[in-house]
Amino acid sequence: LLDTFDFWRAQPQRIIGKMQPTARRQASTPTALVVTFADGGAAHVQRIALDESGSLEEAKQIDRLMHPKPGPSSTRGSLLVDLLRAPRDSCAWEVARWAVQLDGLSNVLAWTQGEVV
């Protein structure tokens with residue numbers, strides 16, 4: 001996943017990944033990764049589909065992710081689920097129990113749809 005993106009530090013606790021040109025040509029929908037770091041070393045990873053309608057060019061969409069306006073805002077996208085630290089008896093824990101039969105959890109990326117504020 002990470003080798004198809006170029007990353008920039010947007011804010012002290014946030015980096016943005018933009019698809020590399022070769023990956024972008026092969027993708028049906030261009031996406032960006034937004035990684036927000038929390039205290040204690042945890043990270044929140046969100047994959048956001050970029051709008052291809054032409055209303056706002058891709059570079060400007062990336063710029064808005066790098067420099068969000070102050071105040072509450074939300075962005076809909078895919079959220080990376082931390083299966084290694086899933087609370088016991090949660091839905092993510094059940095997915096982790098199933099996925100560990102296929103491979104080590106450090107090799108599994110589980111995504112869900114959601115909104116981050």
Side-chain angles (χ1 to χ4, degrees):
L1 174 69
L2 297 180
D3 60 344
T4 60
F5 288 85
D6 291 323
F7 289 91
W8 290 275
R9 184 175 177 194
Q11 297 171 347
Q13 301 290 324
R14 183 179 172 117
I15 60 173
I16 305 297
K18 179 183 175 186
M19 292 182 92
Q20 294 175 351
T22 53
R24 171 61 187 94
R25 284 190 292 275
Q26 296 173 358
S28 58
T29 303
T31 59
L33 288 181
V34 178
V35 182
T36 307
F37 297 99
D39 294 335
H44 178 90
V45 181
Q46 184 178 22
R47 183 171 48 191
I48 300 170
L50 300 177
D51 182 13
E52 292 184 285
S53 68
S55 61
L56 191 60
E57 61 188 59
E58 198 170 305
K60 288 188 180 183
Q61 293 179 64
I62 296 291
D63 190 58
R64 284 188 177 177
L65 292 171
M66 289 185 69
H67 309 287
K69 293 181 181 177
S73 65
S74 65
T75 305
R76 188 147 183 82
S78 299
L79 306 174
L80 184 60
V81 179
D82 186 355
L83 295 178
L84 289 171
R85 293 176 185 83
R88 189 174 184 81
D89 296 326
S90 68
C91 292
W93 185 76
E94 292 294 332
V95 171
R97 285 186 50 205
W98 171 81
V100 78
Q101 298 173 50
L102 304 174
D103 203 345
L105 291 182
S106 60
N107 296 322
V108 176
L109 294 179
W111 297 90
T112 185
Q113 292 295 313
E115 193 167 293
V116 176
V117 178

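Note that the numbering runs from 1 along the sequence shown for the chain.
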ask   = Does R14 use its side chain to pair, donor to acceptor, with the backbone of L65 at less than 3.5 Å?
value = yes

message = Any carboxylate oxygen within less than 4.0 angstrom of a Lys/Arg side-chain nitrogen, looking at E57 and K60?
response = no

request  = Could you please spell out the steps behind the side-chain contact (heavy atoms from CB on, under 4.5 Å) verdict for V95 and V81?
outcome  = CA-CA 10 Å; V95 171; V81 179; over 6 Å; no

remark   = Closest non-hydrogen atoms of A43 and F37, given as atom of the first, atom of the second and distance, are CB-CD2, 3.9 Å

ask   = Do V45 and F7 share a hydrophobic cluster (ILVMFWY, side-chain heavy atoms under 4.5 Å, transitive)?
value = yes

remark   = Nearest heavy-atom approach of A96 to L105 is O-CD2, 3.8 Å

note = On a heavy-atom basis, the closest approach of T29 and M19 is O-SD, 4.3 Å

request  = Answer yes or no: is there a side-chain heavy-atom contact under 4.5 Å between V34 and I48?
outcome  = yes

query = CD of Q26 to OG1 of T4: how many Å apart, nearest 0.5 Å?
reply = 9.5 Å

Least distance between heavy atoms, A10 atom then M66 atom = CB-O, 3.3 Å

ask   = From L83 CG over to R97 CZ, what is the distance, rounded to the nearest 0.5 angstrom?
value = 13.0 Å

query = Only one of L33, L109, T112 forms a side-chain contact (heavy atoms from CB on, under 4.5 Å) with L80, so which one is it?
reply = L109

task = Measure the shortest side-chain to side-chain distance between W98 and V108 over non-hydrogen atoms and say whether it is less than 4.5 angstrom.
result = no

message = Just so I know, are the side chains of F5 and Q20 near enough to count as touching, which here means a heavy-atom distance under 4.5 Å?
response = no

task = Indicate the atoms forming the closest heavy-atom contact of D103 with N107, along with that distance.
result = OD1-ND2, 3.2 Å

query = Going by heavy atoms in the side chains, are K18 and W8 under 4.5 Å from each other?
reply = yes

note = Nearest heavy-atom contact between A49 and T31 is CA-CG2, 4.0 Å

ask   = Does one hydrophobic cluster hold both W111 and L84, with members joined at side-chain heavy-atom distances below 4.5 Å?
value = no

message = Assess the residue pair I15 and T36 against the criterion (side-chain contact (heavy atoms from CB on, under 4.5 Å)); give the C-alpha distance rounded to whole Å, side-chain angles, the decisive distance to 0.1 Å, and a yes or no.
response = CA-CA 7 Å; I15 60 173; T36 307; over 6 Å; no

